[in-house]
*Asks:* 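For reference, the structure I am asking about is given below.
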Amino acid sequence: KLQLLTKTDCSLCVEMKHMLQPLQEGLSFDIEEVYIRTGDAYWNDYWDKIPVLLLDGRMIAKYRITPEQIVTRLQDYRKNHAVSLPPAEA
């Protein structure tokens with residue numbers, strides 16, 4: 001699961017969101033947009049790095065990232081965190 005940490009009046013946040021949307025279908029991921037503000041759980045760690053992209057709680061991008069970098073980071077993550085699923089029931 002990807003989380004896009006954002007805040008109000010953030011043009012880079014809008015830019016990152018628009019860049020991620022077309023990648024969603026091809027790469028099969030969900031994006032949760034999280035608006036942060038003073039006092040929030042993420043504020044102290046990330047307020048000065050917005051927009052931040054978290055993948056399972058780990059920062060994989062801040063400020064700007066290219067679509068190619070997103071693809072590479074998601075593919076690397078999936079290779080390193082492969083989950084074997086139980087067989088489907090007949």
Side-chain angles (χ1 to χ4, degrees):
K1 175 179 170 178
L2 286 175
Q3 291 179 301
L4 175 59
L5 304 185
T6 185
K7 59 185 178 181
T8 56
D9 299 322
C10 175
S11 59
L12 285 177
C13 300
V14 172
E15 194 176 299
M16 187 178 285
K17 181 180 175 181
H18 287 141
M19 185 272 304
L20 289 168
Q21 288 172 334
L23 298 175
Q24 271 187 285
E25 187 175 320
L27 295 173
S28 290
F29 63 84
D30 293 321
I31 300 172
E32 176 187 4
E33 200 168 351
V34 180
Y35 285 86
I36 68 169
R37 60 178 185 249
T38 305
D40 288 347
Y42 294 115
W43 183 261
N44 287 338
D45 292 332
Y46 300 113
W47 72 271
D48 59 342
K49 298 169 184 71
I50 296 296
V52 170
L53 195 58
L54 302 177
L55 178 58
D56 286 341
R58 295 186 177 145
M59 183 169 58
I60 63 165
K62 62 181 178 180
Y63 310 127
R64 292 184 180 199
I65 189 166
T66 66
E68 294 79 15
Q69 289 171 315
I70 289 290
V71 169
T72 300
R73 290 174 192 187
L74 286 174
Q75 288 172 340
D76 289 348
Y77 181 84
R78 288 175 177 166
K79 271 192 263 181
N80 295 322
H81 295 86
V83 175
S84 43
L85 300 173
E89 293 184 30

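Predicted model, so just to flag it, every value in this text is computed and none were measured. Basis for what follows: all heavy atoms, side chains included, without hydrogens, waters or symmetry-related copies.
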*Asks:* How would you list all residue pairs meeting side chain to side chain donor-acceptor pair (under 3.5 Å) that involve residues 44-55, not counting sequence neighbours?
*Replies:*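 Output for this query is empty, none listed.
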*Asks:* Between atom NZ of Lys17 and atom SG of Cys10, what is the distance when rounded to the nearest 0.5 Å?
*Replies:*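 Going from NZ on Lys17 over to SG on Cys10, the span is 12.0 Å.
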*Asks:* For residues Leu54 and Tyr42, determine if any side-chain heavy atom of one lies less than 4.5 Å from a side-chain heavy atom of the other.
*Replies:*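 Touching, per the 4.5 Å side-chain cut-off.
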*Asks:* Closest approach of Val34 and Gln3, non-hydrogen atoms and distance?
*Replies:*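 Reported closest heavy-atom pair: CG2-NE2, 3.9 Å.
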*Asks:* Nearest 0.5 Å please: distance from the OG1 atom of Thr72 over to the CD atom of Gln69.
*Replies:*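 Interatomic distance, Thr72 OG1 to Gln69 CD, rounded to 0.5 Å: 7.5 Å.
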*Asks:* Evaluate the side-chain proximity of Glu15 to Leu12: yes if any heavy-atom separation is below 4.5 Å, no if none is.
*Replies:*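 SC-SC contact between Leu12 and Glu15 confirmed.
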*Asks:* Between Tyr77 and Leu55, which heavy-atom pair has the shortest distance, and what is it?
*Replies:*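 Closest heavy-atom pair between Tyr77 and Leu55: CG-CD2, 3.2 Å.
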*Asks:* Tell me, do Ile65 and Met19 make a side-chain contact under 4.5 Å, heavy atoms counted?
*Replies:*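 Ile65 vs Met19: side chains touch.
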*Asks:* Working to the nearest 0.5 angstrom, can you tell me the gap between Lys79 NZ and Leu74 CG?
*Replies:*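 Rounded to the nearest 0.5 Å, the NZ-CG separation comes out at 12.0 Å.
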*Asks:* Are Phe29 and Leu23 close enough that some pair of their side-chain heavy atoms sits under 4.5 Å apart?
*Replies:*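 Contact flag for Phe29/Leu23 side chains = yes.
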*Asks:* Quick one: pull up CG in Leu53 and CD1 in Ile31 and give me the separation to the nearest 0.5 Å.
*Replies:*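 Leu53 CG to Ile31 CD1: 7.5 Å, rounded to 0.5 Å.
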*Asks:* Show your working on side chain to side chain contact (heavy atoms under 4.5 Å, CB included) between Leu5 and Ile50 and close with a plain yes or no.
*Replies:* CA-CA 7 Å; Leu5 304 185; Ile50 296 296; 3.8 Å; yes
*Asks:* Examine Leu2 and Met59 and state if one hydrophobic cluster contains both, with Ile, Leu, Val, Met, Phe, Trp and Tyr joined whenever side-chain heavy atoms are less than 4.5 Å apart.
*Replies:*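 No, Leu2 does not connect to Met59 through the hydrophobic network.
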*Asks:* Measure the spacing between CG of Asn80 and CD of Gln75 and express it to the nearest 0.5 Å.
*Replies:*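 Spacing of CG (Asn80) from CD (Gln75) equals 12.0 Å.
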*Asks:* Looking only at heavy atoms, which two atoms of Ala61 and Met16 are closest? And how far apart?
*Replies:*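 Answer, listing the atom of Ala61 first, then Met16: CB-CE, 4.5 Å.
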*Asks:* For Leu4 and Cys13, which heavy atoms make the closest approach, and how far apart are they?
*Replies:*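 Looking at all heavy atoms of both residues, the closest pair is CD2-O, 4.2 Å.
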*Asks:* On a heavy-atom basis, which atom in Ile36 and which in Lys7 lie closest, and how many Å separate them?
*Replies:*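 Residues Ile36 and Lys7, closest heavy atoms: O-CB, 3.7 Å.
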